[in-house]
K.L.:
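Before I ask anything, let me first share the structure, which is written out below as structure tokens.
In what follows, every chain begins at residue 1, and chains take the letters A, B, ... in the order their sequences are listed.
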Number of protein chains: 2
Amino acid sequence: MTADHVFTALASPARRELLRLLLDEGAQPAGRLAERFDMSRPSVSEHLKVLKDAGLVAETRRGRERHYRLEAAPLMEIRDWLTPYERFWRERLAALSALLDDLDDLHDLNDVNDVNERGEDDG
Amino acid sequence: MTADHVFTALASPARRELLRLLLDEGAQPAGRLAERFDMSRPSVSEHLKVLKDAGLVAETRRGRERHYRLEAAPLMEIRDWLTPYERFWRERLAALSALLDDLDDLHDLNDVNDVNERGEDDG
DNA sequence: TTGTTATGTAGGAAATTTCCTACATATAGT
DNA sequence: ACTATATGTAGGAAATTTCCTACATAACAA
């Protein structure tokens with residue numbers, strides 16, 4: 001439910017793989033998801049529970065199967081959390097870019113001096 | 001270093017708080033960061049180590065202090081990981097929006113029928 | 001040199017996570 | 001009713017994480 005639950009859920013590679021499968025292949029029954037893992041079916045079931053508690057998947061009972069589907073909404077909280085860092089990141093890049101431009105200017109200046117040293121006229 | 005390290009590092013509230021402090025207040029020595037936590041200084045030091053291994057902070061030694069600064073670049077991996085889910089999320093919203101539009105159309109149609117029932121002409 | 005400050009590391013206790021093998025539950029088919 | 005299928009839950013072992021209190025290291029200050 002909370003952002004903390006979402007961060008925690010994403011910390012496990014197995015759970016991220018579950019989300020990826022649901023994204024790429026759509027909703028599936030628990031058993032079919034479990035087949036893809038090098039892990040017992042009950043363990044996959046527990047991972048699904050963690051994802052469900054984080055609101056990242058939802059289940060629909062169809063007969064004796066339970067179809068799990070992706071619920072991407074909570075991931076938008078992560079994106080929002082990321083936003084201020086992205087701004088920081090961009091400022092860093094801009095500063096670097098400015099630095100490189102300055103270096104370029106300096107380089108051009110040296111070129112001019114080189115030309116002058118070789119003669120060409122003036123003094 | 002890897003995306004896995006980054007996800008793991010972000011799973012802890014204490015570590016996310018460290019990143020927030022470095023973002024909001026800039027680079028700081030380890031001790032000053034530790035003061036803000038309801039936790040022993042060595043524990044904060046270990047959290048900083050996890051962040052450093054994930055490439056999320058870097059340290060600069062200044063005298064006997066070590067200044068930690070935010071390194072936001074690895075967070076961009078998280079953003080990239082998020083992207084396909086964001087697309088999914090938008091499609092979901094678009095579908096919902098279309099559904100609501102359809103409901104609206106149906107509603108308008110009923111209004112027209114209401115008007116006709118009250119008379120107005122035709123039949 | 002001697003003492004103080006800033007910080008990391010060692011070692012271990014407690015809590016949590018991960019994963020397993022039974023087992024329970026519920027639905028479908030015969 | 002009986003059997004097979006799909007799945008969750010219980011209980012526990014092993015691994016990992018978190019946090020602590022010493023202790024080690026290195027730089028500064030007298």
K.L.:
By nearest heavy atom, map A:M39 and B:L48 onto DNA chain C; which one lands nearer the 5' end?
P.N.:
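This one resolves to B:L48.
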
K.L.:
Out of A:L22, A:L10, A:V57, which one pairs with A:L51 under the side-chain contact (heavy atoms from CB on, under 4.5 Å) rule?
P.N.:
A:V57

K.L.:
Given C:dT7, C:dT18, D:dT9, identify the nucleotide with an atom nearest to the side chain of B:P29.
P.N.:
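Looking only at heavy atoms from C-beta outward on B:P29, the closest nucleotide is C:dT7.
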
K.L.:
Side chain of B:E59 only, please: which of C:dG8, D:dT18, C:dC19 is the nearest?
P.N.:
C:dG8

K.L.:
Would A:T60 and A:Y68 count as a side-chain contact (heavy atoms from CB on, under 4.5 Å) here? Give the steps.
P.N.:
CA-CA 7 Å; A:T60 308; A:Y68 284 88; over 6 Å; no

K.L.:
Would you mind reading off the distance between B:H5 atom NE2 and D:dT17 atom P, rounded to a whole angstrom?
P.N.:
11 Å

K.L.:
What's the NZ-P distance between A:K49 and C:dC19, to the nearest Å?
P.N.:
16 Å

K.L.:
Measuring to OP1 and OP2 of C:dC20, would you say a side-chain N or O of A:S40 lies under 4.0 angstrom away?
P.N.:
yes

K.L.:
Can you name the closest pair of heavy atoms from B:L21 and B:R36 and give their distance?
P.N.:
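Nearest pair, atom of B:L21 first, then B:R36: CD2-NH1, 2.6 Å.
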
K.L.:
If I compare all heavy atoms of A:V6 with all of A:A54, which pair ends up nearest, and what's the gap?
P.N.:
CG2-O, 3.8 Å

K.L.:
With a 4.0 Å cut-off on heavy atoms, is A:F37 in touch with a base, just the backbone sugar-phosphate, or nothing at all?
P.N.:
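If one applies the 4.0 Å heavy-atom cut-off, A:F37 turns out to touch nothing in the nucleic acid.
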
K.L.:
Whole Å only: how far is the CG atom of B:D53 from the P atom of D:dT16?
P.N.:
16 Å

K.L.:
Return the 5'-most residue of the pair B:R64, B:E46 with respect to DNA chain D, ranking by each residue's nearest nucleotide.
P.N.:
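The residue whose closest nucleotide sits nearer the 5' end is B:E46.
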
K.L.:
Identify which nucleotide among D:dA6, C:dA22, D:dT21 has an atom closest to any side-chain atom of A:P42, counting heavy atoms from C-beta outward.
P.N.:
C:dA22

K.L.:
Assign B:R15 to base, sugar-phosphate, or nothing according to its heavy-atom contacts below 4.0 angstrom with the strands shown.
P.N.:
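Sugar-phosphate, no base atom in range.
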
K.L.:
Would you indicate which nucleotide in C:dT7, D:dG8, D:dT18 comes nearest to any side-chain atom of B:R41?
P.N.:
C:dT7

K.L.:
Using the ring-ring contact (aromatic ring centres under 6.0 Å, His included) definition, which of the options A:W89, A:W81, A:F88 pairs with A:Y85?
P.N.:
A:W81

K.L.:
Using a 4.0 Å heavy-atom cut-off across all strands, classify A:R61 as base, sugar-phosphate, or nothing.
P.N.:
nothing

K.L.:
Is there a side-chain contact between B:H67 and B:E59, using heavy atoms and a 4.5 Å cut-off?
P.N.:
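When only atoms from C-beta onward are counted, B:E59 and B:H67 do not touch, as no gap falls below 4.5 Å.
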
K.L.:
Quick one: which of D:dC20, C:dA6, C:dT9 gets closest to the side chain of B:E65?
P.N.:
C:dA6

K.L.:
Once you round it to whole Å, what is the distance between P of D:dC19 and CD of B:E17?
P.N.:
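That distance rounds to 13 Å.
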
K.L.:
Provide, to the nearest angstrom, the distance between the CG atom belonging to B:L33 and the P atom belonging to C:dG8.
P.N.:
10 Å

K.L.:
So, does B:S43 get its side chain near the phosphate of D:dC20, meaning an N or O under 4.0 Å from OP1 or OP2?
P.N.:
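Affirmative; the distance criterion is met.
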
K.L.:
Output the single nucleotide from D:dC19, D:dT7, C:dG8 whose closest atom is nearest the side chain of B:H47.
P.N.:
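It is D:dC19.
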
K.L.:
Counting only side-chain N and O atoms of B:Y68, is one of them less than 4.0 Å from OP1 or OP2 of C:dG8?
P.N.:
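So the side-chain polar atoms of B:Y68 do come within 4.0 Å of the phosphate oxygens OP1 or OP2 of C:dG8, strictly under.
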
K.L.:
Looking at A:S45, does any N or O in its side chain come under 4.0 Å of the phosphate oxygens OP1/OP2 on D:dT7?
P.N.:
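Answer no for this pair, as no side-chain N or O of A:S45 is under 4.0 Å from OP1 or OP2.
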
K.L.:
Once you round it to whole Å, what is the distance between P of D:dT7 and CG of A:L18?
P.N.:
13 Å

K.L.:
Could you state the atom-to-atom distance from CZ of B:R66 to C1' of C:dT5 in whole Å?
P.N.:
14 Å

K.L.:
What is the separation between atom CD on B:E35 and atom P on C:dT5, rounded to the nearest whole Å?
P.N.:
14 Å

